[in-house]
Amino acid sequence: MEQQLKNKLYFGDNLDILRDKIPDNFVDLIYLDPPFKSGKTYNIIFQPSAGKIKGATAQIETFKDTWKWGIEAQKNYDGLIKGNITKEKPGQKLIELMKSMRSYLDEYSMMAYLSMMATRLLEMKRVLKDTGSIYLHCDPTASHYLKLLMDAVFGVENFRNEISWGYRTGGISKKWWGRKHDIVLFYTKSNKYYFNPIKEKIYYEKPFFSPKVDEEGRYYADVYLRDIWDDPKVKPVINVSEERLGYPTQKPETLLERIIKASSNEGDLVLDPFCGCGTTVAVAERLGRRWIGIDITYLAIDVISKRLKKSRITNFEIDGEPKDTYSAEKLAEKDPFQFQIWCISKLDATHSQRKTGDKGVDGIINFHDPSKPSQVGKGIIQVKGTKEVSPAMVRDLKGTMKSQSADMGILITFKKPTQGMIEEATKEGVFVYFRKKIHRIQFLTVEDLFRIYIPVEIPSALLPNYKNSLIIKKKQRNILGDTV
């Protein structure tokens with residue numbers, strides 16, 4: 001079991017994955033950066049070629065950190081009280097705490113959020129080794145409630161620190177003190193845990209208590225880090241940060257490096273159940289730790305996969321993504337939006353700007369075209385998760401291409417296009433790109449997305465962030481019958 005869980009990304013609900021796929025006393029270190037209950041909607045920004053190409057940016061809704069009491073919240077609460085939603089049975093203290101919180105908070109958003117967190121924290125306790133540690137990253141919006149939950153789940157006696165990570169970014173208010181810190185709650189499963197204290201250099205103007213002297217003649221002492229982290233080594237990720245991916249809640253690698261070094265050894269297993277853009281797994285890999293990452297959005301899984309592969313890290317598996325047409329159909333039935341993201345990711349294209357109101361554009365392909373004033377050509381992708389196909393789909397794609405001033409369009413469907421669809425696409429003709437004729441409308445089936453070489457014509461001079469895997473390297477016949 002342990003061998004199967006090494007270096008793995010799980011696509012799905014972390015409660016299901018923790019409960020069904022990760023055994024007891026298995027993980028050495030857990031870091032989680034869950035939603036903060038901020039009430040905000042977060043977008044990820046895609047900017048090809050480090051912003052060198054104007055007009056080639058897009059954004060997509062990553063997740064909504066908004067909560068309301070409903071069926072799912074009630075399910076979490078009832079399952080916790082009855083003890084049938086998690087493998088780890090809740091203690092009476094946790095049950096009484098949740099009942100008191102519901103009495104105090106009523107059936108409002110904070111209670112929905114805490115019901116979600118309580119069930120998952122219970123499962124995290126189960127999978128954590130007796131010698132393991134857990135760091136919960138949050139902010140003052142819900143940190144006081146989360147600390148009570150952590151006390152009830154892990155025990156007051158296993159609380160170690162409330163770390164304050166201070167930073168100087170964003171705006172400030174004239175109505176209150178600038179809110180410029182996050183909270184990291186550090187707990188262990190028992191009093192037998194691993195901890196490697198980290199030292200930092202503190203410089204002094206005058207010598208006292210036998211200070212050391214560096215090569216420049218400055219006096220300093222090596223002192224252990226405190227629970228206030230406002231030193232320049234853990235700067236937040238901002239627009240000009242080299243490691244910035246555009247993910248809205250991205251944390252700096254130095255922050256995770258500090259936690260992983262302090263509370264794990266090489267070869268240990270690190271788990272991030274809300275892994276987002278993958279900072280935890282990327283740093284764990286660099287520091288020689290094994291890792292597990294879980295996220296409920298395929299967008300996050302795709303971002304992490306590309307992040308790792310960019311660093312030439314390939315020793316990982318993705319569990320939960322479609323492996324065949326049948327599993328793709330199940331994803332389309334369960335979550336059409338995640339299915340759409342998966343399809344677009346298979347083409348290594350840019351996702352649409354919004355979850356809703358995308359004006360018929362599910363994905364965008366930007367390519368270099370010196371014949372245009374902007375130097376950028378545009379292709380759009382439409383994904384149809386239904387099993388029916390018709391010429392009306394092609395006409396719809398034509399209208400979207402016209403409104404978006406797109407050079408080409410790709411229609412992805414489960415079934416192969418009908419003859420009527422092919423005839424409708426043929427009417428749209430071709431466009432010439434570096435003396436090469438490229439069909440303006442092309443078709444792909446979901447089955448095609450599992451091929452090594454995806455049978456679609458893409459302009460060869462792609463922007464640097466798009467891989468040549470999109471280019472057919474062997475001669476094949478496309479759906480219109482022409483040799484590519």
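When a residue number appears, it is its place in the shown sequence, counting from 1.
Residue E107 qualifies as enclosed at atom CD: its count of foreign heavy atoms under 6.0 Å is above 12. More than 12 heavy-atom neighbours from other residues, nucleotides or ligands sit within 6.0 angstrom of NZ on K180. By the 6.0 Å contact criterion, NZ on K99 is open, its count of non-hydrogen atoms from other residues, nucleotides or ligands being 12 or less. A 6.0 Å sphere centred on NZ of K323 holds more than 12 heavy atoms belonging to other residues, nucleotides or ligands. Dense packing is recorded around NZ of K306, with more than 12 heavy atoms of other residues, nucleotides or ligands lying under 6.0 Å away. A 6.0 Å sphere centred on CZ of F450 holds more than 12 heavy atoms belonging to other residues, nucleotides or ligands.
We find that R19 and E88 are not joined by a salt bridge, their nearest charged nitrogen and carboxylate oxygen being 4.0 Å or further apart.
Side-chain N or O atoms of R307 include none that pairs as donor or acceptor with a backbone N or O of A282 at under 3.5 Å. At least one donor-acceptor pair closer than 3.5 Å links the side chain of W165 to the backbone N or O of V234. Without hydrogens or angle criteria, K89 side chain to G83 main chain gives a donor-acceptor distance under 3.5 Å. Side-chain atoms of W229 come within 3.5 Å of backbone atoms of R226 as a donor-acceptor pair (strictly under, hydrogens ignored). When atom types are taken as modelled, the side chain of D272 and the backbone of L32 share no donor-acceptor pair closer than 3.5 angstrom. Not one N or O on the side chain of N14 forms a donor-acceptor pair closer than 3.5 Å with the backbone of I294. Between the side chain of D20 and the backbone N or O of I17, no donor-acceptor pair lies under 3.5 Å. Between the side chain of T254 and the backbone N or O of K233 there is at least one donor-acceptor pair closer than 3.5 Å.
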Pairs under 3.5 angstrom only: tabulate donor-acceptor contacts from the side chains of residues 73-80 to other protein residues two or more places apart or in another chain.
from, atom 1, to, atom 2, distance (Å)
Q74, OE1, W69, NE1, 3.1
Q74, OE1, R102, NH2, 3.4
Q74, NE2, D78, OD1, 2.9
Q74, NE2, D78, OD2, 3.2
N76, ND2, E72, O, 3.4

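Pairs passing the side-chain hydrogen bond (donor to acceptor under 3.5 Å, both in side chains) check and including a residue from residues 183-192, sequence neighbours excluded, read N25-K189, D151-Y187, R160-T188.
Judged by a 6.0 Å distance limit and a 45° cone about the ring axis, R289 is not positioned over the six-membered ring of W291. A cation-pi geometry, defined here as NZ or CZ lying under 6.0 Å from the six-membered ring centre and within 45° of its normal, holds between K147 and F159.
Taking the six-membered ring for Trp and thresholds of 30 and 60 degrees, F186 and Y193 have ring planes more than 60 degrees apart, a perpendicular arrangement.
Side-chain contact annotation: D230 with Y167, donor-acceptor N/O pair under 3.5 Å absent. For the 3.5 Å distance criterion, the side chains of T400 and Q382 qualify, holding a donor opposite an acceptor.
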>> The test is salt bridge (Lys or Arg N to Asp or Glu O under 4.0 Å); show your working for R126 and E123 and say whether it passes.
In response: CA-CA 5 Å; R126 180 185 61 79; E123 283 300 285; 2.9 Å; yes
>> Using the rule given for side-chain hydrogen bond (donor to acceptor under 3.5 Å, both in side chains), can you reason through D324 versus S327, listing the C-alpha separation, both sets of side-chain angles and the distance that settles it, and then say yes or no?
In response: CA-CA 6 Å; D324 50 34; S327 54; 2.8 Å; yes
> Yes or no on salt bridge (Lys or Arg N to Asp or Glu O under 4.0 Å) for R290 and E285, after CA distance, side-chain angles and deciding distance?
Replying inline: CA-CA 7 Å; R290 296 175 294 127; E285 173 72 28; over 6 Å; no
